[in-house]
J.: 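So that we are looking at the same thing, I have put the structure below in structure tokens.
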Amino acid sequence: MRDANVVNESANIVIVGSGVAGSLIAGMCAAQGISGVLILEAGPDIPMGDPSWWFHHVARGGGTSNTPYAACYDAPQDITATGANPWNIVGGRIFGCGGTTLHWGGWVPRFMPEDFALYSATGQGIDWPFSYSDLEPFYCMAEKYLGASGDSADNSPPRSQPYPYDAAPYPISAEPFISAFEKLSIGYGHLPVARYGRASGDFGPCRTTGTCDYCPVAGRFTGNQGLASLSGNPAVTVQLGAPVTAIRMSSKQRVAGVTYIDQATGRTVQVDAQAVILCNGAIEVPKLLLGSGSIYWPGGIGNESNLVGRFLSATQFFFSSGQMPNPEGFQEELGFPSLCSRAFDTPTYQKKGKLFLSMNYETPNLDVAMMMATGKSVADILAARVAPASFQLYGNLSAIPQYDNRVTPEAGSNRFGLPRTRIDTPAPLYDPGFAKEYVEIMNNVLITMGCSGVDSGTYPQRGDHAACTTRMAKDASQGVVSPDLQVFDTDNLFIVSNSVMPTLPAANPTLTLVALAYKVALDGNTALGRLVGSAQKPWPATARPAGHVTVDSPT
């Protein structure tokens, strides 16, 4: 007897996750005339680039807590974490249309050439299955897609094409940092950022409002923009409020489709598909694979070597801050960093762990509007403008790959219908001794600037830039996916996520993820390339049930 609570549907390609990778792959399918593409997103629609929301954001004092995506973070009860320094991923990722790029800083540096050969250089982890040179042309494509602004004269790492937009200028408040870098012979440069230098369709240009937690003009790339460009395209459907709970196999090699819960109706939906592409992040991808055990894959899909969810890595952030006189009245201007140093992001420092330095773009900061609202006089405000101010450096440290660090599904569900998350990190992501050396360097920069009361430390680990949990390798004994992003021993299951990165360097990974997606999806010799990069017979319009619109959202 047919279960009335189970709905059967079909699609050509199912994409799980609507972030930067999922929206890119969907766009590539649409560009090739491929129809029947279904994106399943557990979270809701989140309004971005909305001036009314921006006024609310500014009036409430800014910050991520005063944004529409603040309601879409993990909740503390959704996570079980163990280890010497248990992770707290609340605030680290977003469930919603567009994914975590809705709150990202938009930093888009390339990885360095040596980052692709960590094992060869240090004996740690594994090497990537290709080199920087192999990926370089696709870095250029990724920079265009993300709207990167950068210094095209900076050839470290080597580049074959200029940035789409000129580098963002250094703010006046960067002058003390630059002076200290030069005195200490520390190289520096412009931080590449995903900020539109000119209007790009309905987005941008960046107006440097200083409110990048919520941009009123969509001047920074966010994952929902790719989906917005597909609005009205009947070939692509986005189903929101649709947590995928299982991948269904018809044999060990063949994916039959996926199962999701329609949050609006509570019904279970089984979607048959010709191919499934997982783009739902380095935490959810392994949870879904492990939760999809069957007679064909008793321990979870792709997990015969017990590698799914392992080598969990994330960026560790360090800071160094101090106070110094501010007679010039320096204030933060842009709302995003434009000064960085990669002096310690070189082969010399690879065994220690490489460090990516940037100036804190939020300090010095004087909230004139709040002072006015609380009745401060003009004299008070002018005095505060030139009072001693706080200056701070950030440091991103590359991660040591550790087999025992793992993410797995936990019993129970979160409010988006996905399994709760368990994160076990018994092994350290970095060497504390080497980290101390770097912090001392950061402190010395501030002391050279003339700062007093210099303090330093680490930020709690919330899983920023989580990666490596279904790592890419040359064979199944070392990884979960092939260099073509195909889950080993399957015909039609692919992963496009930070989870496939074999290692996590010091630089932010989003640009590299997009470049990797282009590299594989545009290669007609790969299964994913044949699926996405070449036109196929249009999928029947009747494959989706009547009543579905291009973007489906629970009410």
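We count residues from 1, following the sequence as given. Predicted model only: the values in this text are computed from it and were never measured.
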J.: Given side-chain contact (heavy atoms from CB on, under 4.5 Å), test Thr259 with Arg248 step by step and report yes or no.
T.: CA-CA 7 Å; Thr259 299; Arg248 295 180 292 107; 3.3 Å; yes

J.: Within the side chain of Thr469, is there an N or O that forms a donor-acceptor pair under 3.5 Å with the backbone of Arg310?
T.: no

J.: So, Ser152 side chain and Tyr163 main chain: donor-acceptor pair closer than 3.5 Å or not?
T.: yes

J.: Given 3.5 Å as the limit, does a donor-acceptor pair link the side chain of Gln270 with the main chain of Ser10, or not?
T.: no

J.: Can you check whether Ser292 reaches Trp297 side chain to side chain, under 4.5 Å on heavy atoms?
T.: no

J.: Go through the side-chain N and O atoms of Asn508 and His465 and say whether any donor and acceptor fall under 3.5 Å apart.
T.: yes

J.: Given side chains that start at C-beta, do those of Leu40 and Gln239 come closer than 4.5 Å, heavy atoms only?
T.: yes

J.: Under 3.5 Å, is there a donor-acceptor pair between the Ser482 and Asp484 side chains?
T.: no

J.: Quick one: are Tyr214 and Pro68 in side-chain contact, heavy atoms under 4.5 Å?
T.: yes

J.: In terms of the angle between their ring planes, are His103 and Tyr69 parallel, tilted or perpendicular, with boundaries placed at 30° and 60°?
T.: perpendicular

J.: Mind listing the closest non-hydrogen atom pair of Phe111 and Tyr139 along with its distance?
T.: N-OH, 3.1 Å

J.: Does the structure place the NZ or CZ of Arg195 under 6.0 Å from the centre of the six-membered ring of Phe336, at an angle of no more than 45° from the ring's axis?
T.: yes

J.: To the nearest 0.5 Å, what is the distance between CG on Asp45 and SG on Cys72?
T.: 9.5 Å

J.: Does atom NZ of Lys252 have more than 12 heavy-atom neighbours from other groups under 6.0 Å away?
T.: yes

J.: Could you check whether any side-chain heavy atom of Leu24 comes within less than 4.5 Å of a side-chain heavy atom of Val496, counting everything from C-beta outward?
T.: no

J.: Please identify which of these residues, Arg420, Arg93, Arg415, meets the salt bridge (Lys or Arg N to Asp or Glu O under 4.0 Å) condition with Asp78.
T.: Arg415

J.: Quick one: does any side-chain atom of Arg220 pair with a main-chain N or O of Leu102 as donor and acceptor, under 3.5 Å?
T.: yes

J.: Strictly distance-based, threshold 3.5 Å: is any side-chain N or O of Gln274 a donor or acceptor partner for the main-chain N or O of Ile13?
T.: no

J.: Which heavy atom in Gly43 sits nearest to a heavy atom in Leu240, and how many Å separate them?
T.: O-CB, 3.6 Å

J.: To the nearest 0.5 Å, what is the distance between OH (Tyr73) and OG (Ser65)?
T.: 9.0 Å

J.: Quick one, Ser497 and Thr470 - any side-chain contact, counting heavy atoms below 4.5 Å?
T.: no

J.: When you measure from the side chain of Thr100 to the backbone of Ile94, do you find a donor-acceptor pair of N or O atoms at a distance under 3.5 Å?
T.: yes

J.: Starting from the C-alpha separation in whole Å, work towards a yes-or-no answer on side-chain contact (heavy atoms from CB on, under 4.5 Å) for Glu284 and Val16.
T.: CA-CA 10 Å; Glu284 292 305 320; Val16 182; over 6 Å; no

J.: Can you name the closest pair of heavy atoms from Ser18 and Cys97 and give their distance?
T.: OG-CA, 3.3 Å

J.: Taking the six-membered ring for Trp, is the centroid-to-centroid distance between His57 and Trp54 below 6.0 Å?
T.: no

J.: Look at the side chain of Asp523 and the backbone N and O of Lys519, then say whether any donor-acceptor pair between them is shorter than 3.5 Å.
T.: no

J.: How close do Gly281 and Pro286 get, counting heavy atoms only, and between which atoms?
T.: O-CD, 4.1 Å

J.: Just do the side-chain contact (heavy atoms from CB on, under 4.5 Å) check on Met28 and Tyr518 with the steps written out, would you?
T.: CA-CA 9 Å; Met28 296 177 74; Tyr518 275 127; 4.1 Å; yes

J.: Please check this pair: side chain of Trp107 against backbone of Ala507, looking for a donor-acceptor N/O pair closer than 3.5 Å.
T.: no

J.: When you compare the side chains of Gln486 and Thr526, does any donor N or O come within less than 3.5 Å of an acceptor on the partner?
T.: no

J.: For Ala473 and Pro483, which heavy atoms make the closest approach, and how far apart are they?
T.: O-CD, 3.2 Å

J.: Determine whether a donor-acceptor pair (N or O, by modelled atom type, separation under 3.5 Å) exists between the side chain of Asn492 and the backbone of Val255.
T.: yes

J.: First locate atom CD of Glu143, then atom CD of Gln161, and finally report the distance between them rounded to the nearest 0.5 Å.
T.: 8.5 Å

J.: Rounded to the nearest 0.5 Å, how far apart are CD1 of Ile89 and OG1 of Thr421?
T.: 5.0 Å

J.: What distance do Ser313 atom OG and Asn405 atom CG have between them, rounded to the nearest 0.5 Å?
T.: 7.0 Å

J.: Classify the angle between the aromatic ring planes of Phe116 and Phe130 as parallel (below 30°), tilted (30 to 60°) or perpendicular (above 60°).
T.: tilted

J.: For a 4.5 angstrom cut-off between non-hydrogen side-chain atoms, does Arg342 reach Pro157?
T.: yes

J.: Trp128 and Thr512: which non-hydrogen atoms are nearest, and at how many Å?
T.: CH2-CG2, 4.0 Å

J.: Mind checking the OG-CG spacing from Ser358 to Asn396? Nearest 0.5 Å is all I need.
T.: 6.0 Å

J.: Is Arg267 paired with Asp262 through a side-chain N to carboxylate O contact shorter than 4.0 Å?
T.: no

J.: State whether the number of non-hydrogen atoms from other residues, nucleotides or ligands found under 6.0 Å of Asp154 atom CG is greater than 12.
T.: yes

J.: Kindly indicate, with the supporting measurements, whether the criterion side-chain contact (heavy atoms from CB on, under 4.5 Å) is fulfilled by Tyr196 and Phe221.
T.: CA-CA 8 Å; Tyr196 299 118; Phe221 175 91; 3.5 Å; yes

J.: Would you say Arg471's side chain and Gln478's backbone share a donor-acceptor pair under 3.5 angstrom?
T.: yes

J.: Among Pro158, Ser156, Ser133, which one satisfies side chain to side chain contact (heavy atoms under 4.5 Å, CB included) with Pro113?
T.: Pro158

J.: What residues, two or more places apart in sequence or in another chain, satisfy ring-ring contact (aromatic ring centres under 6.0 Å, His included) together with Phe95?
T.: Phe416

J.: Report yes if the side chains of Trp87 and Leu312 come closer than 4.5 Å at any heavy-atom pair, otherwise no.
T.: yes

J.: Quick check: do Thr268 and Val7 have side-chain heavy atoms less than 4.5 Å from each other?
T.: no

